[in-house]
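What follows is a short report on a single structure.
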2 protein chains.
Amino acid sequence: MADNSADRTAAAPGEPPLEEQIAAYQREFQDLDPQVEKVVSALSRLNRRMNVAYSRQTADLGISNAEWEVLKALVLSGAPYRMGPGELAKRLGLTPAAMTHRIDRMVAEGLVTRERDESNRVRVIVEVTPVGREKWLDAMRLASVFEEDLLQDLSSGERHTLGELLTRLLIRVEHAQPDAGGRLTDLD
Amino acid sequence: MADNSADRTAAAPGEPPLEEQIAAYQREFQDLDPQVEKVVSALSRLNRRMNVAYSRQTADLGISNAEWEVLKALVLSGAPYRMGPGELAKRLGLTPAAMTHRIDRMVAEGLVTRERDESNRVRVIVEVTPVGREKWLDAMRLASVFEEDLLQDLSSGERHTLGELLTRLLIRVEHAQPDAGGRLTDLD
DNA sequence: AACCTAAAGTTCGAAGCTAAACATTACATC
DNA sequence: GATGTAATGTTTAGCTTCGAACTTTAGGTT
């Protein structure tokens with residue numbers, strides 16, 4: 001039921017210190033900018049650790065990370081907290097097939113309901129139940145404490161700087177499509 | 001063979017703009033610092049996009065991301081590029097069972113070899129083949145171009161700042177263990 | 001030496017995902 | 001109105017992972 005897949009990484013990080021890893025990269029692959037690699041490696045590690053933390057928290061609440069993601073998409077869509085499986089799948093980066101199964105489970109657990117859209121009978125409407133909404137809130141409370149702790153050592157100015165820099169990277173990947181060679185090219 | 005799981009996200013990002021998502025969080029969950037949420041959301045999205053890019057690249061080379069990760073761990077360990085399944089599993093955050101299967105596949109594809117350690121016959125030694133090493137190098141060449149492009153809009157100073165800020169976050173998660181309440185506490 | 005315990009991998013069964021084939025419904029065009 | 005086509009979900013088969021049970025080897029204890 002709960003997605004504890006990441007607990008393993010939690011128990012045994014097993015990775016060498018970041019500096020050491022950068023050095024290893026330099027040793028095995030010379031034409032690599034250490035500054036770039038540092039950013040990229042830190043990003044990916046950080047994300048892995050965060051996911052481990054989230055997994056642990058949602059597991060404590062008796063739901064999986066996967067289920068939390070669905071609840072998140074539904075709740076953030078605003079009242080009345082409904083969405084079709086197709087759009088949910090797109091939002092979460094899943095295949096429609098996976099979404100069908102996930103919704104099956106969540107319906108069985110009482111987190112969401114599924115009904116046909118009578119105005120267009122091909123469509124299906126997934127809606128968060130009060131229980132599901134409460135679970136999402138519980139998870140958010142835990143997550144916000146963790147996130148606040150994570151950024152604790154950064155001043156408000158540093159947080160702002162970090163947010164801006166990350167946003168600029170994000171804009172670059174989101175507003176660009178890789179060309180044939182995998183290179184990012186601007187769209188405008 | 002190739003892990004194209006993430007291509008789906010690539011084709012259909014489907015997520016609302018970051019600003020919009022932050023606003024939705026504010027609407028549905030008031031006690032949340034928007035500055036914190038911006039950093040966290042950007043981090044997680046950025047990572048997802050990067051993984052999509054890496055998946056596409058490794059798929060082009062005829063290997064999966066999963067296999068690339070194994071090659072990475074082996075090569076970065078330094079010559080003679082060997083490691084036991086157990087340590088590999090720890091390094092990648094997998095169960096030993098998953099590692100066994102992954103190595104099965106990679107042996108079949110000629111990326112690594114597997115042999116018993118004769119000095120301690122419980123142990124097994126996984127070693128990168130020349131083909132595997134070449135694949136890793138190919139993947140690194142693609143990855144480094146992508147990463148350089150990703151950071152293109154940032155000045156050298158900004159890259160440095162970003163690296164330092166991320167490293168500080170990383171140190172906070174890596175050198176701390178969550179206490180009973182999931183809060184991060186210093187170890188020293 | 002015989003036994004216990006720990007460590008390292010593998011095997012087994014269940015869960016969750018993907019891709020592809022398959023319904024079902026809506027809608028445009030004839 | 002009949003038919004072709006696109007859109008939306010579901011079903012099916014196969015793959016990868018996990019957790020847990022199991023096998024083999026090493027090393028300490030009596």
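Lettering follows sequence order; numbering is per chain, from 1. When reading the values below, keep in mind they use all heavy atoms of this one structure, side chains included, and skip hydrogens, waters and symmetry mates.
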Nearest whole angstrom, please: distance from the [atom2] of [N] to the [atom1] of [X].
X	N	atom1	atom2	answer
B:E67	D:dC15	CD	C1'	13 Å
B:L88	C:dA8	CG	C1'	13 Å
A:E69	C:dG16	CD	C1'	13 Å
A:L94	C:dG16	CG	C1'	10 Å
A:D104	C:dC17	CG	P	11 Å
B:D117	D:dT24	CG	C1'	14 Å
A:R116	D:dG9	CZ	P	9 Å
B:E115	C:dA8	CD	P	18 Å

[N] phosphate, OP1 or OP2, under 4.0 Å from [X] side-chain N/O:
X	N	answer
B:R121	D:dT24	no
A:R114	D:dT10	yes
B:R123	C:dA7	no

When you get a sec, tell me which of [options] is the closest nucleotide to the side chain of [X]?
X	options	answer
B:V124	C:dT18, D:dC18, C:dT10	C:dT10
A:P96	D:dT25, C:dC12, D:dT10	D:dT10
A:N120	C:dA26, C:dT11, C:dA19	C:dA26
B:A98	D:dC18, C:dC17, D:dA7	D:dC18
B:H101	C:dC12, D:dA26, C:dT10	C:dC12
A:T100	C:dT10, D:dT24, D:dT10	D:dT10

Can you tell me how the ring of A:F146 sits relative to the ring of A:Y54, calling it parallel under 30°, perpendicular over 60° and tilted otherwise?
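Rings of A:F146 and A:Y54: perpendicular, over 60°.
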
Distance alone, cut at 3.5 Å: any donor-acceptor contact between the side chains of A:Y81 and B:E28?
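Result is yes, a qualifying pair exists.
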
Are [X] and [Y] close enough for a salt bridge, meaning some N to O gap below 4.0 Å?
X	Y	value
A:R48	A:E15	yes
B:E67	B:R102	no
B:D149	A:R172	no

Using heavy atoms to find the nearest nucleotide of DNA chain C for A:S119 and A:R105 separately, return the residue whose nucleotide is more 5′.
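Residue closer to the 5' terminus by nearest nucleotide: A:R105.
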
